[in-house]
2 protein chains.
Amino acid sequence: MSEPLENQPVIASTIADTVCSKLQNAIVEGIIPAGSKISEPALANEFGISRGPLREALSRLEACNLIERKPNVGARVVTLTRQHLVEIYFIRESLEGLAARQAAENMSDKDINELDVLLEKHQQQIKQDQSYYQKEGDMDFHFRIIKGSKNSHLIDMFSNDLYHLIRLYRYQFGMVSKRVPRAFVEHGQIVDAIRQHDGELAQFLMSRHIRSSRINVEKMLDEHLAITD
Amino acid sequence: MSEPLENQPVIASTIADTVCSKLQNAIVEGIIPAGSKISEPALANEFGISRGPLREALSRLEACNLIERKPNVGARVVTLTRQHLVEIYFIRESLEGLAARQAAENMSDKDINELDVLLEKHQQQIKQDQSYYQKEGDMDFHFRIIKGSKNSHLIDMFSNDLYHLIRLYRYQFGMVSKRVPRAFVEHGQIVDAIRQHDGELAQFLMSRHIRSSRINVEKMLDEHLAITD
DNA sequence: CATATCATAATTGTCGACAATATAGTGCTG
DNA sequence: CAGCACTATATTGTCGACAATTATGATATG
C-alpha cells in the first residue's frame with residue numbers, strides 16, 4: 001500500500017466523505033490489502049488531513065463492513081473468508097429475490113426500458129471485456145433491480161453494506177467464470193418477468209440466479225483452495 | 001427532551017460507545033423525539049463530554065438508521081412513516097425467513113432447548129404484561145432465531161440496523177394488538193419446525209408470521225390514521 | 001406589507017495537542 | 001535459553017479552539 005491513495009476520483013462535500021470514498025475504492029481494489037492494519041496517523045498524513053475527519057471516514061468504513069475496529073486497538077481491513085462470502089450469497093438470494101418481486105410490482109415502463117438498454121450494453125461488453133463485465137457490469141444490473149424495488153430501506157442496506165462487500169470479493173477473489181453467458185441469459189429472463197409485472201416469477205428467477213452463482217463460486221473456491229493449499 | 005439522558009444503563013469501553021447506546025435508547029423511547037434536530041454542542045454538554053466522541057456516536061446512530069445527517073447542516077432523528085415501516089416488514093419477511101431456515105439447519109439441540117425455555121418464559125409474561133411482551137419479548141424471540149442462523153453477517157445486519165428500528169416503531173407506534181396470543185402460537189410452530197430441522201417449513205412459517213404481522217399493523221395504522229386525521 | 005439583502009449569530013467541520021491505553025523491546029530470573 | 005516483568009514507545013481516545021458554512025434577524029426597498 002505504497003501507492004497514491006489520495007488521487008482517486010470522487011465528488012463529495014466534506015473531507016470525511018471524500019476520504020471515505022477513496023478508502024472504499026482502495027480497499028476494494030486491494031491497494032490497502034485485506035487483513036492489514038490501518039494506522040490513523042499514517043493514513044491521515046498520506047491524505048494530508050487531520051485525524052478527525054479520517055476517524056469519521058473510518059466509522060463509515062466500519063458501517064459498510066469494510067474494516068473492523070477494536071476499542072483502543074485500532075482498525076483492520078476485513079479478512080476475506082469463504083464462509084463470509086457464502087453468508088453474503090445467502091443474504092443476497094433472499095434480499096434480491098424480494099427486490100426483484102417489488103421491482104416487478106413497482107418499476108415504471110420507463111424504468112424497464114432503461115433496463116433493456118442496460119442489458120443491450122452488457123451484451124456488447126461481454127464480447128469485449130468479460131473481466132470488466134464480471135466485476136462491474138453484473139453489479140450494475142443487480143443494483144438496478146434493487147433500485148427498481150423502490151424500497152428505500154432495501155436500497156440503503158445495499159448501498160451501505162452489501163454493495164461494497166460484493167465488489168470487494170469480486171476484485172480480490174477475481175476468478176473468471178464460464179457462467180457469464182449463462183448469467184446474462186438469466187438476467188434477460190428476470191427482466192422479462194419484471195416487464196410482465198410477474199413478481200412471483202421475478203423473485204423465483206432472481207433467487208435461483210444468485211443461488212446458482214453461489215454454487216458455482218463454491219465449486220470454484222473448492223478447486224482453487226485444493227490447488228493452492 | 002429535557003430529561004436525564006446521561007443516566008441510562010450500559011456497559012461499554014469507549015465514551016463514544018457508551019453515549020451511542022444511551023442515545024439509541026433515548027431515541028427508541030422517544031426521549032429525543034422523532035424528527036427532532038440534534039444539536040451537537042447541546043448534547044455534548046448534556047453528557048458532559050466533548051464534541052469529538054459525540055460525533056463518533058452520531059456516526060454510529062446514522063449507521064443504524066436512527067438519525068439522518070446532512071453535511072454542514074446537522075443531524076435529525078428519523079421521522080417515522082407508514083411506508084418506511086412497511087418496507088422494513090418486507091425486508092424482515094425475507095431475511096427472517098432465511099434466518100429461520102438456517103436456524104433449523106444450524107441450531108444445536110442445546111440452542112433449541114434454550115428456545116423452549118424462552119417460549120415458556122414468554123407464556124408467563126403474556127398473562128402479566130402484554131405491553132412489555134409486545135415490545136421486548138417478541139423481539140427477544142426473533143433475535144434468538146437470527147442468532148440461531150449462525151450467519152454472522154445476517155446477525156450483524158440485524159444488530160446494527162433492523163433491531164433498533166423495530167424497537168423504535170414498537171415504542172412509538174406502540175399499539176396493543178389482539179394478535180399477541182396468535183403470534184405466540186406461531187412462535188411455537190416455528191420452534192417445532194426448527195426442532196425437526198425442517199428448514200423449508202421454518203422459513204415458510206417465519207415469513208408468513210411476519211407477513212401476518214405486517215398486514216395486521218397496516219390495518220391498525222389505517223384505522224388509527226382514519227381517526228387522528 | 002411582503003420580499004430581498006446584508007450583517008450577525010450559531011452550528012458544523014477541521015485541526016493540533018494532551019491523556020489513556022496498548023504494543024514492543026529490554027533486562028531479569030528461573 | 002525460555003518465560004516473565006517492567007520500561008519505553010507508539011497508537012488510539014478525548015479535548016478545546018479555530019475556520020467554514022449555514023441559519024437567523026434586522027433593515028431597506030419595491
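As the structure is a prediction and not an experimental result, all values here were calculated from the model. Residue numbering restarts at 1 for every chain, and letters A, B, ... go by the order of the sequence lines.
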Would you call the rings of A:Phe143 and A:Tyr163 parallel, tilted or perpendicular, where under 30° means parallel and over 60° means perpendicular?
tilted
Pair A:His187 and A:His122, ring centroids less than 6.0 Å apart
no
What do you reckon, are the aromatic ring centroids of A:His153 and B:Phe90 less than 6.0 Å apart?
no
Please say whether the positively charged group of B:Arg211, taken as NZ for Lys or CZ for Arg, lies over the ring of B:Tyr89, i.e. under 6.0 angstrom from the six-membered ring centre and within 45 degrees of the axis.
no
Within this structure, what is the CG-CG distance for the pair B:Leu23 and B:Leu61, rounded to the nearest 0.5 Å?
5.5 Å
Could you run down nucleotides 5-21 of chain C 5' to 3' and tag each one B, S or - for protein heavy-atom contact under 4.0 Å?
-------BBBBB----S
